[in-house]
Amino acid sequence: MKDSERLTYVPEKSGSNLDELWKNCFEGDGNMQHMTAYEPYPVNSQWELNSFLIHEMGYKTWLIKRKIEGDIIGFAVHGDYFRGLPNNIGFNIGLNYTRNGYARETLASLLEHLKESGYTETFGHCFAANIASVRTMEACGFENMGPTGKVYNGNMELEFRNII
């Protein structure tokens, strides 16, 4: 992915970068609750997160880093990271970095990357209760296709589609 105005997207997952991601976005009760509240399969340990980010099997991940501050604030993903749902996007921004437009900026960069890679459409899934993600995807041109019929821990999943 190409850099955006305020962010750079790091494909390399060094030990220090992964430690920083964990510390900035997952460590502590508030952070962990924020990062796992809307996940069908929540990450429960740093080992689990690192394994997901390093062993890209059918998907690609990027760490999201602010250019000026130089800190890692989350990650983005594209591909078949939920079995049976290829060509999906995802983004996770740490609690201390929300409400700054970073998710929208990341999603716009990811869509541009996919377009340059030859994709003509992509999909996203989130819980109906995850209003921030719903609004971010809609602001980036995703069409809400409605409920998928899947429910995780009482949370109804929605599907979104973007024609790139």
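These values consider heavy atoms only, across backbone and side chains, with no hydrogens, waters or symmetry-generated copies.
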Asker: Looking at Arg6 and Asn100, what are the two nearest heavy atoms and their distance?
Answerer: NH2-O, 2.9 Å
Asker: Just to verify, which of Glu138, Glu121, Glu143 counts as forming a salt bridge (Lys or Arg N to Asp or Glu O under 4.0 Å) with Arg161?
Answerer: Glu121
Asker: State, to 0.1 Å, how close Gly94 and Met35 come at their nearest heavy-atom pair, and which atoms those are.
Answerer: CA-SD, 3.8 Å
Asker: Determine whether the side chains of Thr122 and Asn87 contain a donor N or O and an acceptor N or O closer than 3.5 Å.
Answerer: yes
Asker: Taking all heavy atoms of Leu110 and all of His78, pick out the closest pair and write down the distance.
Answerer: CD1-CB, 4.2 Å
Asker: To the nearest 0.5 Å, how far apart are CD in Glu69 and OH in Tyr97?
Answerer: 9.0 Å
Asker: Looking only at atom types and distance, does a side-chain atom of His55 sit under 3.5 Å from a main-chain N or O of Ser51, one as donor and one as acceptor?
Answerer: yes
Asker: Is it the case that atom NZ in Lys115 sees more than 12 heavy atoms from other parts of the structure closer than 6.0 Å?
Answerer: no
Asker: Counting heavy atoms not belonging to Ile163, are there more than 12 under 6.0 Å from its CD1?
Answerer: yes
Asker: Start with the C-alpha gap between Ile64 and Ile72, add the side-chain angles, then the distance that decides, and say whether side chain to side chain contact (heavy atoms under 4.5 Å, CB included) holds.
Answerer: CA-CA 6 Å; Ile64 303 167; Ile72 295 172; 5.9 Å; no
Asker: More than 12 heavy atoms of other residues, nucleotides or ligands under 6.0 Å from NZ of Lys60: yes or no?
Answerer: yes
Asker: Could you report the tightest heavy-atom contact between Glu56 and Tyr59, atom names first, then the distance?
Answerer: CB-O, 3.0 Å
Asker: Between the side chain of Tyr119 and the main-chain N/O of His113, is any donor-acceptor distance below 3.5 Å?
Answerer: no
Asker: Looking at every heavy atom in both Glu159 and Phe123, which two are closest together, and how far apart are they?
Answerer: OE2-CD2, 3.7 Å
Asker: I'd like to know whether CZ of Arg66 has more than 12 heavy-atom contacts from other residues, nucleotides or ligands below 6.0 angstrom.
Answerer: yes
Asker: Assess whether a salt bridge exists between Lys2 and Glu112, defined as any Lys/Arg side-chain N lying under 4.0 Å from an Asp/Glu carboxylate O.
Answerer: no
Asker: So does Thr61 get a backbone contact from the side chain of Lys13, meaning a donor-acceptor N/O pair under 3.5 Å?
Answerer: yes
Asker: Ser133 and Tyr38: side chain to side chain contact (heavy atoms under 4.5 Å, CB included), yes or no, with the steps?
Answerer: CA-CA 10 Å; Ser133 287; Tyr38 299 113; over 6 Å; no
Asker: Look at the side chain of Asn88 and the backbone N and O of Pro86, then say whether any donor-acceptor pair between them is shorter than 3.5 Å.
Answerer: yes
Asker: Please find the pair of heavy atoms, one from Glu5 and one from Glu105, that lie closest to each other, and give the distance.
Answerer: N-OE2, 3.3 Å
Asker: Within the supplied structure, the quantity of interest is the number of heavy atoms (other residues, nucleotides, ligands) at a distance under 6.0 Å from Glu48 CD; does it exceed 12?
Answerer: yes
Asker: Could you tell me how the ring of Phe82 sits relative to the ring of Tyr41: parallel (under 30°), tilted (30 to 60°) or perpendicular (over 60°)?
Answerer: tilted
Asker: When you compare the side chains of Ser4 and Lys67, does any donor N or O come within less than 3.5 Å of an acceptor on the partner?
Answerer: no
